[in-house]
Amino acid sequence: MFSVLLVCSVFSFAQTVTEQFLVKGNCNMCKARIEKAALKAGATTANWTANNQTLTMTLDESKVKCDDILKQIAEVGHDNEKFKASEDAYKNLPPCCLYTRGSDFEKPNDTLEHHSDSDKKTNQIEGVKLTREKEATAISKKEAGLIFNISSKELLKAACCNLSESFETNATVDVSFSNAVTGTKQLKMLGLDQKYTLLTKEQLPEIRGLASPYGLNFIPGKWIGGIQLTKGGSTVVNGYESITGQINTELLKTHDDDKKSETEINLFSDNNGRVEANVTSTSPISGKWNQSVLLHGNGTFGDTDMNDDGFLDRPKGSQLNVAYLLNYNDLENSGFASHFGINFLKDERTAGQIGFNKRIPQKDQSLYGVGIDISRFQLWNKTGYVFKGKPYQSLGWMNQLTYHQQDSFFGLRNYFGKETSYYSNLIFESIIGNTNNKYKVGASFLYDKYDEDYLLDNYKRTETVPGLFAEYTLTGEKFTLVTGARVDFHNLAGTQFTPRMNFKYDLTPKTIFRISAGRGFRTANIFAESQAYFASNRQIQIINSGGEIYGLKPEIAWNYGVSLQQEFKLFGRKSTVLADFFRTDFQNQVVTDLDESAQKILFYNLEGKSFANSFQTQWDFQPLKNLEFRVAYKYYDVALDYLSGLKKVPFMAKHRGFANLAYSTNKTEKGRFWSFDTTLNLVGKQRLPNTKSNPAEFQIGDYSPSYSTLNAQISRNFSEKIRVYLGGENLTGYQQKVAILDAANPFGNYFDGGMVYAPIMKQNFYVGVDFKF
């Protein structure tokens, strides 16, 4: 097996050589023209593929040279890595063949990095397999926005039991526990909470509304085929809720170029009583149909109490999660493609003091308990049509229906919530003149019906949001500009205008400069999004500002960003440095105030200013073959005007450091190799909420101490079909000394399980095995 790490690879067969070059084009007409020109110029065989823009040809070097063939291809209008077509030759191409011109011939199309379940792409040349290894995490060089493509290869570096654990080796996203009783995890990006990031699955809304507190647990890691992470303003096509960026998860699917069935069984267990099983099966049904069956089950059975406060460090319970995906692809003939999905989830958790019996009502027992039962059902479809003879013109329609129900109690507090949502998005895409001028227009509709009970109060509302949008992409030789806007007619929040812009300029082929700006708005679900503080005896108080949602007005913010990406060679090997700065300014915000009183949670609309400054610099380097190194530093300055004045937002460290080291041995012919991965996180001090109204023994300081965590994993692939892995989390053993205030008196005035700034569990060790057949 030969690894193609460069664009062109040469192999000798008898008196001929076989070579690969990048040649730009769009469609079947391009394919015919390119291959005809190559054969006319003297190639023995020629095969051009549109998906990776690659021409594979054999030739007799004693009769013809590569440059002669590539020059002929340029003369008929197609840019390649050696010669550029004249302007007249390019303009004489049919409209469907007007590809995007540019100078980046360093690698195949970035589209190969999207929606991928595999870690490599292959082509067959006369019995020789060419393999191009994908990067585990790649920064897209083609997109105007700052987008990270995270492949399944990256997800294998850690346990990744669910989406919340899929970013442990990623420097951009911060993952932290938000509650010492329920053990929930939340993401933070650009210095702001998860609720300000658009979280989608298959480009459809996913973790939002009532799913916000626990939704990261609803996407098993073994179901994930790839993740696209966008920092800053994302496309207006996907809606108005994105403020700090978007994280899109693609589920595991069968590829068109992979006609064989594959089933994988994963078994996982840790030393604290968690077990998990996953079954994923992808298979073709016919020439145009394929399917995926995704099964997941987990259970947590151990009584884990590492700080001896009498409370479980993580909930006990189980989850059953089932999904079925059906895909139809006939783009080459009829132009149609469609994707269907259905998902059912049942999750039941019990937390609180050890010995609490969920079967007995809380009022009839002295031990404090938490019960969270969630049922969730989703049905979705995405259908697209590419116009015949116009590969640049398409029509897509996405629809999704979601039902979510949560029945829960936190001690003597009851919370019940039901949500029914319907989402529809119709998108038309085409060009103006040529593919340097692309546009998208469309219409969307969002329906959310909420019914919530908290204590004795009932909160009902229905949100209907029809919207219109347009987006224009201008591509030049060295730049890409994407600008768009949408207008949404919200029945409760009024008409909202959302403009966004992303601009990329290639200072050199190795130096990329980006700027972005955009607006976003959202309606806050204060009960669902604040459940981290429900396991406490803080009383909830809403200060009505005359809004239509809990008496509050919608949240509106502007985000601005700038980044510089530099690639260079260090000791002869590829190295990349990325530096970015983003600022978010809130025009309006729903403030969650934990400072006014240690016995209250206040919700009110912002009066004053609220901002978040985020700076990150990251260095990716491969000092040796199979050795990857990533180091990053992040600086956050996040503050807002509370009732008591301008303060730093709590639980947000100003300084963070990150380092990841990954090494693998050479793969043998039978697919055997070792992999080693370790990640170090350094977290600076964080401002803590004011607890001075509590007795001295139940007060916490103004700031938390700094701390570090270390995760590591070793895996052994015994073949292409069997893999075993062993790992440890929080190997430094750092643990928040007092995670729950007044834990001995959970029904007293000072009990509070929401003051979490660090891990609440010490070292956790796990083992897993993957079988493929």
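This chain uses plain numbering: 1 for the first residue, then up along the sequence.
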Is the shortest side-chain N to carboxylate O distance from [X] to [Y] below 4.0 Å?
X      : Y      : answer
Arg723 : Asp770 : yes
Glu555 : Arg522 : yes
Glu628 : Arg630 : no

Test salt bridge (charged side-chain N to carboxylate O under 4.0 Å, His left out) applied to Asp702 and Lys692, step by step: CA-CA 10 Å; Asp702 294 333; Lys692 290 184 170 57; 3.0 Å; yes
Donor-acceptor pair, side chain of [X] and main chain of [Y], under 3.5 angstrom:
X      : Y      : value
Asp305 : Gly310 : yes
Arg538 : Gly754 : no
Asn660 : Thr169 : no
Gln400 : Gln378 : no
Ser408 : Tyr415 : yes
Thr732 : Ser708 : yes

Sole residue of Asn711, Leu710, Thr709 in side-chain contact (heavy atoms from CB on, under 4.5 Å) with Glu729: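 In the set Asn711, Leu710, Thr709, the residue that makes a side-chain contact (heavy atoms from CB on, under 4.5 Å) with Glu729 is Asn711.
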Intermediate values then yes/no, side-chain contact (heavy atoms from CB on, under 4.5 Å), Tyr642 and Val649: CA-CA 10 Å; Tyr642 294 92; Val649 171; 4.2 Å; yes
Partner set under ring-ring contact (aromatic ring centres under 6.0 Å, His included) for Tyr196, not counting sequence neighbours: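 Here the qualifying residues are Phe586.
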Can you confirm whether more than 12 heavy atoms, excluding those of [X], are under 6.0 Å from its [atom1] atom?
X      : atom1 : answer
Lys600 : NZ    : no
Lys648 : NZ    : yes
Lys762 : NZ    : no

Tyr725: which of Asp677, Asn717, Asn266 passes side-chain hydrogen bond (donor to acceptor under 3.5 Å, both in side chains):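 So, applying the side-chain hydrogen bond (donor to acceptor under 3.5 Å, both in side chains) to Tyr725 and each of Asp677, Asn717, Asn266, only Asn266 qualifies.
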Separation between CG of Asp270 and SG of Cys161, rounded to the nearest 0.5 Å: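 Asp270 CG to Cys161 SG: 7.5 Å, rounded to 0.5 Å.
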Approximate separation, where rounding is to 0.5 Å, of Leu325 CG and Trp223 CH2: 8.5 Å
Qualifying residue, where the test is ring-ring contact (aromatic ring centres under 6.0 Å, His included) with Phe534 and the options are Phe409, Phe410, Phe751: Phe410
Glu529/Val590 under side-chain contact (heavy atoms from CB on, under 4.5 Å): CA gap, chis, key distance, verdict: CA-CA 11 Å; Glu529 295 163 2; Val590 174; over 6 Å; no
Exercise: do Lys685 and Ser706 side chains pair donor with acceptor under 3.5 Å: no
Phe658 vs Thr679 side-chain heavy atoms within contact, under 4.5 Å: yes
Phe676 and Tyr663 aromatic ring geometry - parallel, tilted or perpendicular at 30°/60° bounds: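 The rings of Tyr663 and Phe676 lie parallel, inter-plane angle below 30°.
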